[in-house]
2 protein chains.
Amino acid sequence: MMTVTLVQVAERAGVSTATVSMVLRNRGRISQATRERVLRALDETGYVYNQTAANLRNRSSNQVGLLLHDITNPFYGEMTAGLSHEMERHDMLLFLANSEESEERQQKFVESLLRNNACGMVLCAARQTPQAFFDGLKRRHIPAVMVVRPLIDPDFDFVGTDNFFGTQMATSHLLKLGHRNIAFIGGSQNSGTRSQRIGGFTSCLLEHGLSPNPQWIVTSQASQSDGVRVSETLLTSFPQITAVVCYQDIVALGVMQTLRKLGREVGRDCALVGFDDINEAALVQPALTTVSVAAKEIGRKAGELLYSRIQGNDEPPKRIILPPALIIRESCGFR
Amino acid sequence: MMTVTLVQVAERAGVSTATVSMVLRNRGRISQATRERVLRALDETGYVYNQTAANLRNRSSNQVGLLLHDITNPFYGEMTAGLSHEMERHDMLLFLANSEESEERQQKFVESLLRNNACGMVLCAARQTPQAFFDGLKRRHIPAVMVVRPLIDPDFDFVGTDNFFGTQMATSHLLKLGHRNIAFIGGSQNSGTRSQRIGGFTSCLLEHGLSPNPQWIVTSQASQSDGVRVSETLLTSFPQITAVVCYQDIVALGVMQTLRKLGREVGRDCALVGFDDINEAALVQPALTTVSVAAKEIGRKAGELLYSRIQGNDEPPKRIILPPALIIRESCGFR
DNA sequence: TTGTAAGCGTTATCAA
DNA sequence: TTGATAACGCTTACAA
């Protein structure tokens, strides 16, 4: 079965390929009669438009890339759904890649996008991405929107959440409940997201005349088990701590476990706030008070922005920061 | 900034475009000297290979599609990671689309893939997909691998899990623990996966001389909240139920929530088995006993199979059924 | 070992 | 309102 091209359609309709092309794209003036003839021929031949050829000719494309470091993380699943939906609205195709935090795979993907003539990309870059990577991107001046992980580089569009404000809300909630000895647990040393969250935490303490205690600000890996390990050390060394702001919900779950082990009741003897509002937050007992981030909305907004860039919007780089919300449940006590 | 093509590279290296192309693809005999000259020119010009042009010329492509109905579901997140990894190994690009169970969007995506000259696809079709859709696919004879949702059509490759055996294991586990009043919660009415899982459930009961109670087999949407809603009705109407086999982990999480609300302790007053082994299963408290289907492995195997088809493997359609495993954790009690 | 040139399927310019 | 035709950038016979 030969592939059907404009030529066969044109022959069958008794017109030129130019005419068929014009009918397909609704360009130029075509008489009703020929249009119908062409349409019929299109149908009869079972013609399939060759986007590749058109792209080559137009030096354009309708394909964008999405690079994540962990598609397995439900947060990114949500975000992807938001972006995918937005792209589909514009009849664009979405390439997906999962860097798994590997700078090499990330680089490979971007090169692949370039080779394949993608017209834009949304990136949540791997943790230790060197500046050279971003510089390389800029040199290609292909529209690129960064998401979630805060970026220092001011030349890129960015869509993320307000980490600073998020922990501020969390911290202020605890302060209002009367807590004065508040710790911060979680996040890894070199994370920009973490700095922002810690910023919200400490600034909020300072505004209330409390000086943050560096010994009460500790890192942890993004797992429940490490949350247990880290909090155990902290909470036994400093039993005077009565509340904890956690970098992530999963870490908070670990802290909960520790508190139980220490015989302290969550919400009564020690208050706990998480961040992310993952599913489990609502499930554990007591249910976890946490900061919710609209992941799907991040994807949607990133898509919208990227699309506008592809359309030629050349305003200066934008930073879209979505407001988080404090979801009050039970882990800070009932009243 | 003009785009650099083979022509500019050839000029700079003082050779023909044919030579440059051959160097790029390691074809034909090229002297070491010219190869080096070309390589240098490639580098100096900052040449970027135009895959689109090559694809047009070769009537080929390196792009495959993945159609899901819910990328938000952690199970599919895992599967996607597996497939993505496999595709990357072969330097293929992955198009992602989320049908959200809409036949129309699904159809649009497939057409888009065809237009874009994709060389294959992995599909988890929307629930009520008409046979015409599959027939249309066959007519194009483009390699397509179906995943997860069992398909009657024997003409397609399929990769999935053994749903029947999976719930058999789950049910038999509960029976061994002494439960006799076992309910089945979750899945939607017209789901083939669900029939298989219910098949495993009821057959196992029957083998143990118990007759399944239709009132204890209820549907639910694929969300935690609906799991709560549905289980609340069931478990208050029939307090004699002491164990539940859930269609999905997310539903099981909902059931957990209900049990708490009813003041019944999970694992002691009511045993619970899930299906999927999503990340949260290990994280909730008590940790969820569940049937693991190796989602990532499904993705990997589907990728492998698809790749072989693209390479020309024309053996008859294959059905790869991965064996599930019962992961015993805490939600059925400790002993 | 390297160069020439025809095509892949579409689009856009220009002429009819 | 339509048709001829030259690109788009790469690959591959075939020739040199």
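Each chain gets a letter, A, B and so on, in the order its sequence line appears, and its residues count up from 1. The figures that follow rest on heavy atoms only: side chains count, while hydrogens, waters and symmetry mates do not. Being a predicted model, the structure only gives us computed values, none of them experimental.
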A.B. asks: I'd like to know if A/R40 and A/D43 make a salt bridge, using a cut-off of under 4.0 Å between side-chain N and carboxylate O.
C.D. replies: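 Salt bridge flag = no for A/D43 with A/R40.
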A.B. asks: Tell me which residues in residues 31-56 of chain B put a heavy atom below 4.0 Å from DNA chain C, sorted by number, or none.
C.D. replies: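 Output list: B/S31, B/T34, B/L56.
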A.B. asks: Quick check: closest heavy atoms across B/L56 and A/A53, and the distance to 0.1 Å?
C.D. replies: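 Taking B/L56 first and A/A53 second, the nearest heavy atoms are CD1-CB, 3.8 Å.
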A.B. asks: Is B/I30 touching bases, backbone alone, or none of the nucleic acid, heavy atoms closer than 4.0 Å?
C.D. replies: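 Answer is sugar-phosphate: B/I30 comes under 4.0 Å of backbone atoms only.
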A.B. asks: Side chains of A/S16 and A/T19: any donor to acceptor distance under 3.5 Å?
C.D. replies: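 Yes.
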A.B. asks: With ring pair (Phe, Tyr, Trp, His ring centres under 6.0 Å) as the rule and sequence neighbours excluded, what pairs involving residues 57-84 of chain B come up?
C.D. replies: B/H69-B/Y76
A.B. asks: For A/V7, which contact category applies under a 4.0 Å heavy-atom criterion: base, sugar-phosphate, or nothing?
C.D. replies: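 It contacts nothing in the nucleic acid.
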A.B. asks: Roughly how many Å is it from CD in B/E11 to P in C/dG3, rounded to a whole number?
C.D. replies: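 To the nearest whole Å, that distance equals 13 Å.
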A.B. asks: Under the ring-ring contact (aromatic ring centres under 6.0 Å, His included) rule, collect the residues that match up with B/Y307, sequence neighbours excluded.
C.D. replies: B/H90
A.B. asks: Answer yes if the side chains of A/T45 and A/R12 hold a donor-acceptor pair under 3.5 Å, and no otherwise.
C.D. replies: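 Result is no, nothing qualifies.
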A.B. asks: Does any part of the side chain of A/L39, heavy atoms only, come nearer than 4.5 Å to the side chain of A/L42, both counted from C-beta?
C.D. replies: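 Yes - at least one pair of side-chain heavy atoms lies under 4.5 Å apart.
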A.B. asks: Hey, does B/R29 reach any base, or is it just sugar-phosphate, or nothing, if we go heavy atoms under 4.0 Å?
C.D. replies: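 Base: the residue B/R29, judged by heavy atoms under 4.0 Å, touches a nucleobase.
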A.B. asks: Taking C-beta and beyond as the side chain, do A/L94 and A/E88 meet within less than 4.5 Å on heavy atoms?
C.D. replies: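 Result no, sub-4.5 Å side-chain heavy-atom pair not found.
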A.B. asks: If we fit an axis to the first five pairs and another to the last five of the helix from C/dT1-D/dA16 to C/dA16-D/dT1, what angle do they make, to the nearest 10°?
C.D. replies: 40°
A.B. asks: With the side chain counted from C-beta on, respond yes when A/R309 and A/E315 share a heavy-atom pair under 4.5 Å apart, and no when they do not.
C.D. replies: yes
A.B. asks: With side-chain hydrogen bond (donor to acceptor under 3.5 Å, both in side chains) as the test, pick out the partner of A/T129 among A/Q106, A/E101, A/E103.
C.D. replies: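 For A/T129, the side-chain hydrogen bond (donor to acceptor under 3.5 Å, both in side chains) test succeeds with only one of A/Q106, A/E101, A/E103, which is A/Q106.
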A.B. asks: Would you check if there is a donor-acceptor pair between the side chains of B/T34 and B/S31 at a distance under 3.5 Å?
C.D. replies: yes
A.B. asks: Can you check whether A/T5 has a side-chain N or O nearer than 4.0 Å to OP1 or OP2 of C/dG9?
C.D. replies: no
A.B. asks: What are the 5'-most and 3'-most nucleotides of DNA chain D lying under 4.0 Å from any heavy atom of chain A?
C.D. replies: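 On DNA chain D, the outermost contacted nucleotides are D/dT1 to D/dG9.
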A.B. asks: Going by heavy atoms in the side chains, are A/Y47 and A/L6 under 4.5 Å from each other?
C.D. replies: yes
A.B. asks: Between A/T5 and A/Q8, is any side-chain donor less than 3.5 angstrom from a side-chain acceptor?
C.D. replies: yes
A.B. asks: With the criterion being N/O to N/O and under 3.5 Å, what pairs connect the protein with nucleotides 12-16 of chain C, and how long is each?
C.D. replies:
| from | atom 1 | to | atom 2 | distance (Å) |
| --- | --- | --- | --- | --- |
| C/dA12 | O4' | A/R57 | NH2 | 3.1 |

A.B. asks: Would you tell me if any nitrogen or oxygen in the side chain of B/T19 comes within less than 4.0 Å of OP1 or OP2 on C/dG3?
C.D. replies: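 Indeed, a polar side-chain atom of B/T19 lies that close.
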